[in-house]
Amino acid sequence: MQLRAGLLAALVPALVSAEPVVYRIDPLHSFVHFEVLHFGTSTLRGRFGQIDGHVELDRSAASGWASLRIPTAGVDTGLPAFDARLRQADLLASELYPTASFVASRFSFNGPDVAALSGVLTLRGTSQALELRALRFGCHSHPQLQREVCGGDFEGELLRAGFGASFGMPFVANRVRLVVQVEGIRE
Amino acid sequence: MKTLLAASTLALTLALPAHAATYAIDPTHTFVLYEISHFGTSTNRGRFDRKEGTVQFDREAKTGKVEVSFDLNAISTGVAPLDKHLQSADFFDVAKHPSARFVGDKFVFNGDKVAEVVGTLTMLGKSAPVTLKATNFNCYVNPMLKREVCGGDFETTIKRSQWGMNWGLNMGVADDVRLLIQVEAVKQ
């Protein structure tokens, strides 16, 4: 009987495991880029990393849970002077709030793939609903780690004034697009 | 009267020399971001931070020329060991080829907005044609600079193997690289 259970466990591939599976965020392949329109002309971009956190997926129950920490104090636009301006009180207020968080508890799936997740983004001490939609999602077996890696690209939108980060409007738009690369390594 | 008219015509002519103008690339609002698929799962992104260049732009004649070069020592992915690998002979080989250069000499207009810039991208000592498609284009008077600024967002997808950048192709690292270009240039 024990042998049979062992055989069964060996036969059930990891990818269709029924239990919730926990993935730890891979900080080398997880970044948030923001995009905001400058004078209605060109798109300013900046990067937040390294992100840490974890994601739990239960494909059989079509449910999931994610908790991510995003260090806003490390914002990187390629211009140190602009980064310093972004960290000031009327934008990211990074001295008071060095980290943003995103906690998502509603997941939707397209087959085995995550299609969207929604939850609460806390930025600058203010919490607002945020939905991230998958542009692509996939899993593969990582050849070096010998573990399953799942991840994809997600996008979402926020209005920065809602978080009190309103400096420079309307020359720099209120609407901010988030482009999120995320990969998680199975625990 | 005739002299006055001739003088004003001359003044007008001098003020509007066929509308051609030189614009200097604003390095604080000009960046190239690349995107490359990571094993078909997520998208790796990196940015080129140091650049310089000029644009000749004639909105009336609908012509233009842009020349921009990027210092490849200033690649920024957010992962320091990856920046080093990208600078090595496997990718950009910055010791031998420290910069990449784009010269765009054909501006395609849609109305009074630039819709495409056709030109040549040189890196790793090789040149190949590239067409940048505009997703935004606009001109405005910058209230701080008190000058006209023109710019937009452009994108293109290139195959890195065209420049001989072949590392990892046989291991499933993608050949297609999408370039997202923010550019603004200040009228001189």
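Quick note on labels: first sequence line is chain A, next is B, and so on, each numbered from 1.
- Only the side chain of H33(A) comes within contact range of chain B, judged by heavy atoms closer than 4.5 Å.
- Of residues 159-182 of chain A, those residues lying under 4.5 Å from chain B by any heavy-atom pair are V179(A), Q181(A), V182(A).
- Between S42(A) atom OG and F137(B) atom CZ the span is 11.0 Å, to the nearest 0.5 Å.
- Shown are V141(B), N142(B), N138(B); of these, the side chain to side chain contact (heavy atoms under 4.5 Å, CB included) with F39(A) is made only by N142(B).
- Each of W163(B), F70(B), F48(B) was evaluated against F92(B); a single residue qualifies, F48(B), per the ring-ring contact (aromatic ring centres under 6.0 Å, His included) test.
- Using modelled atom types and a 3.5 Å distance limit, the side chains of E148(B) and Y23(B) yield a donor-acceptor pair.
- Under the 4.0 Å criterion applied to side-chain N and carboxylate O atoms, D176(B) and K159(B) are assigned as salt-bridge partners.
- A continuous path of ILVMFWY side-chain contacts below 4.5 Å connects L28(A) to L82(B), so both sit in one hydrophobic cluster.
- Separating the CG atom in D153(A) from the CZ atom in F137(A) is a distance of 11.0 Å, to the nearest 0.5 Å.
- Of the listed residues V79(B), I181(B), T43(B), the one with more heavy-atom pairs under 4.5 angstrom with chain A than any other is T43(B).
- For the options T77(B), V149(B), L33(B), heavy-atom pairs under 4.5 Å to chain A are most numerous at T77(B).
- Few gaps surround CD on Q88(A); more than 12 heavy atoms of other groups in view lie less than 6.0 Å from it.
- Of the listed residues (G78(A), P27(A), P143(A)), the greatest number of heavy-atom pairs within a distance under 4.5 Å of chain B belongs to G78(A).
- Contact annotation for L135(A): neither backbone nor side-chain heavy atoms come within less than 4.5 Å of a heavy atom of chain B.
- Contact check on R87(A) versus E95(A) returns no salt bridge, with no Lys/Arg side-chain nitrogen under 4.0 Å from an Asp/Glu carboxylate oxygen.
- Using a 4.5 Å cut-off between heavy atoms, S30(A) does not touch chain B at all.
- A salt bridge links R45(A) with E35(A): the distance from a Lys NZ or Arg NE/NH1/NH2 to an Asp or Glu carboxylate oxygen falls below 4.0 Å.
- If you measure heavy-atom distances from F39(B) to chain A, the contacts under 4.5 Å come from both the backbone and the side chain.
- Only the backbone of V183(B) comes within contact range of chain A, judged by heavy atoms closer than 4.5 Å.
- Near-neighbour residues of residues 118-126 of chain A relative to chain B, defined by a heavy atom under 4.5 Å from a heavy atom of that chain, are none.
- Listed for the R147(A) side chain is a donor-acceptor partner under 3.5 Å among the backbone atoms of R186(A).
- Taking the charged nitrogens against the carboxylate oxygens, D112(B) and K62(B) have no contact shorter than 4.0 Å, which rules out a salt bridge.
- Look at R47(B) and D49(B) and you find a salt bridge, because one of the NZ, NE, NH1 or NH2 atoms lies within 4.0 Å of a carboxylate O, short of that distance.
- Linking ILVMFWY side-chain heavy atoms closer than 4.5 Å, directly or via other members, places V103(B) and F154(B) in two distinct hydrophobic clusters.
- By number of non-hydrogen pairs under 4.5 angstrom with chain B, the leading residue of R136(A), R47(A), H29(A), E183(A) is R47(A).
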